[in-house]
Number of protein chains: 2
Amino acid sequence: MSFVIFLANQYPDMFSKACEYGIKAMIYVATQSLKGERVKIGDIVEKVGSPEAFTAKILGDLAKNGLIESLKGPYGGFYIRPDQMESTRIIQIVSVIDGDSIFLGCGLGLSECNAQKPCPMHSKFVKIRSELKNALESTTLLELANGIKSGQTILVR
Amino acid sequence: MSFVIFLANQYPDMFSKACEYGIKAMIYVATQSLKGERVKIGDIVEKVGSPEAFTAKILGDLAKNGLIESLKGPYGGFYIRPDQMESTRIIQIVSVIDGDSIFLGCGLGLSECNAQKPCPMHSKFVKIRSELKNALESTTLLELANGIKSGQTILVR
DNA sequence: TCTATTTTCGACAATTTTATCGGAAATAGA
DNA sequence: TCTATTTCCGATAAAATTGTCGAAAATAGA
């Protein structure tokens with residue numbers, strides 16, 4: 001029998017909340033962009049289940065980095081061009097919001113950690129991190145948007 | 001050409017700082033316990049490069065969960081029994097400090113996410129998460145302590 | 001019993017992440 | 001030009017994580 005007496009943190013998911021919101025928002029905008037529709041932030045957060053102002057700020061950062069287009073005013077909103085959708089990889093979204101330490105950094109936080117001077121967990125993590133990096137690098141936004149469109153995957157719950 | 005304009009977060013490593021400190025402290029205490037020596041918190045943080053009071057608190061939580069023994073007073077300090085060292089897995093340390101959402105939770109933060117109702121990243125992550133869980137489950141504290149003892153791995157830098 | 005040592009523990013402070021608010025800027029249409 | 005709409009942006013607030021401080025509690029030895 002075994003149970004945890006104190007759980008110090010409630011945090012570490014794979015990505016930050018900001019990153020989760022950003023990925024989901026991008027996927028939703030992509031599905032609508034496939035239909036040629038621009039979407040407003042209010043529509044996005046309703047479909048994605050994320051806080052409005054926070055999500056808007058994140059999408060602003062992604063827009064500054066060229067991953068999504070935004071237009072102010074009536075009939076404005078967010079839009080992702082077809083070519084953009086096909087070329088952007090999930091790793092780009094993650095890099096903008098969370099940086100790259102989850103798939104490049106040392107698992108124990110050492111500033112230098114490599115095969116020559118490895119941390120104790122190094123050999124255990126090297127394959128996992130490269131698989132994570134590869135997964136994020138190889139999957140396109142279009143691919144994930146198509147999963148939503150076909151009803152095979154979902155964005156909330 | 002491509003560069004990130006704004007990096008929102010500076011956070012996400014694989015584990016929280018608390019967890020990194022906890023794992024490294026446990027490994028160092030284990031190496032000394034192999035020699036039959038109890039170690040004081042001041043010695044630990046010097047070898048591990050972590051803040052003293054914070055590390056003490058983390059070790060206190062691990063002690064409450066039975067992963068390490070502590071003794072107050074002169075000649076006191078932290079100690080890990082040989083049997084303890086061999087039986088405790090890294091996943092136990094991580095679970096106490098960070099919980100299990102990094103190797104059990106949904107990558108996009110959905111409360112329910114499974115093969116029937118998958119998030120868009122589900123199929124990409126299911127293998128990676130299980131490999132991470134397996135790695136943490138299969139490696140013992142003794143194994144990592146031996147890596148330090150033999151000079152094959154390091155705890156700082 | 002007294003002293004020195006060391007963990008334990010609660011309170012507090014600093015930093016980062018998450019989230020909200022209000023108004024400025026831009027845009028479309030009348 | 002005026003109005004309505006919508007993103008943009010700075011200031012601020014709330015919450016979580018990270019980190020510090022000081023004193024209490026326990027222990028060993030004199």
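A, B, ... follow the sequence lines: proteins, then strands. Residue 1 opens every chain. All values below were derived from every heavy atom in this structure, side-chain atoms included, with hydrogens, water molecules and symmetry-related copies excluded.
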Do the side-chain N or O atoms of A:S70 get closer than 4.0 angstrom to the phosphate oxygens (OP1, OP2) of D:dC8?
-> yes
Length of the OH-C1' vector between B:Y75 and D:dG29, whole Å = 7 Å
Flag side-chain contact, heavy atom, 4.5 Å: A:K117 against A:E112 = no
Can you tell me the distance, in whole Å, between the NZ atom of B:K40 and the P atom of D:dA26?
-> 21 Å
A:D13 CG - C:dT18 C1' separation (whole Å) = 14 Å
For A:I41, answer base if it contacts any base atom (sugar-phosphate contacts may also be present), sugar-phosphate if it contacts only those atoms, and nothing otherwise; contact means non-hydrogen atoms under 4.0 Å.
-> sugar-phosphate
Expressed in angstrom and rounded to an integer, what is the separation of A:K57 atom NZ from C:dA24 atom P?
-> 16 Å
Fit a plane to each ring of A:Y21 and A:F54, take the angle between them on a 0 to 90° scale, and name the class: parallel (under 30°), tilted (30 to 60°) or perpendicular (over 60°).
-> perpendicular
May I ask you to say what A:A56 touches in the nucleic acid, namely base, sugar-phosphate or nothing, with a heavy-atom cut-off under 4.0 Å?
-> nothing
For the residue pair B:E52 and B:I41, establish whether any side-chain heavy-atom pair is separated by less than 4.5 Å.
-> yes
Closest of D:dG19, C:dT8, D:dC9 to the A:K64 side chain is D:dC9
Report which part of the nucleic acid A:G77 touches: base, sugar-phosphate, or nothing (heavy-atom distance under 4.0 Å, all strands).
-> sugar-phosphate
A:L110 and its side-chain contact (heavy atoms from CB on, under 4.5 Å) partner, picked from B:E20, B:K24, B:R157 | B:K24
The answer to which of A:T55 and A:G73 contacts DNA chain C further toward the 5' end, by nearest nucleotide, is A:T55
Across every strand shown, the nucleotide meeting Watson-Crick or G-U wobble geometry with D:dA30 (both distances under 3.5 Å) is C:dT1
Could you tell me whether the side chain of A:P120 reaches within less than 4.5 Å of the side chain of B:L155, counting heavy atoms only?
-> yes
Which listed nucleotide (D:dT18, C:dT18, D:dT7) is nearest to the side chain of B:K17?
-> D:dT18
Quickly work out the A:F54 CZ to C:dC21 P distance and round it to whole Å.
-> 15 Å
How long is the line joining CG of B:N9 and P of C:dT15, in whole Å?
-> 17 Å
Distance in angstrom units between A:E52 CD and C:dA19 P, rounded = 13 Å
For the side chain of A:F78, starting at C-beta, report the closest nucleotide among D:dA28, C:dA19, D:dT7.
-> D:dT7
Whole angstrom value for the distance that separates C1' of D:dA4 from NZ of A:K72 = 16 Å
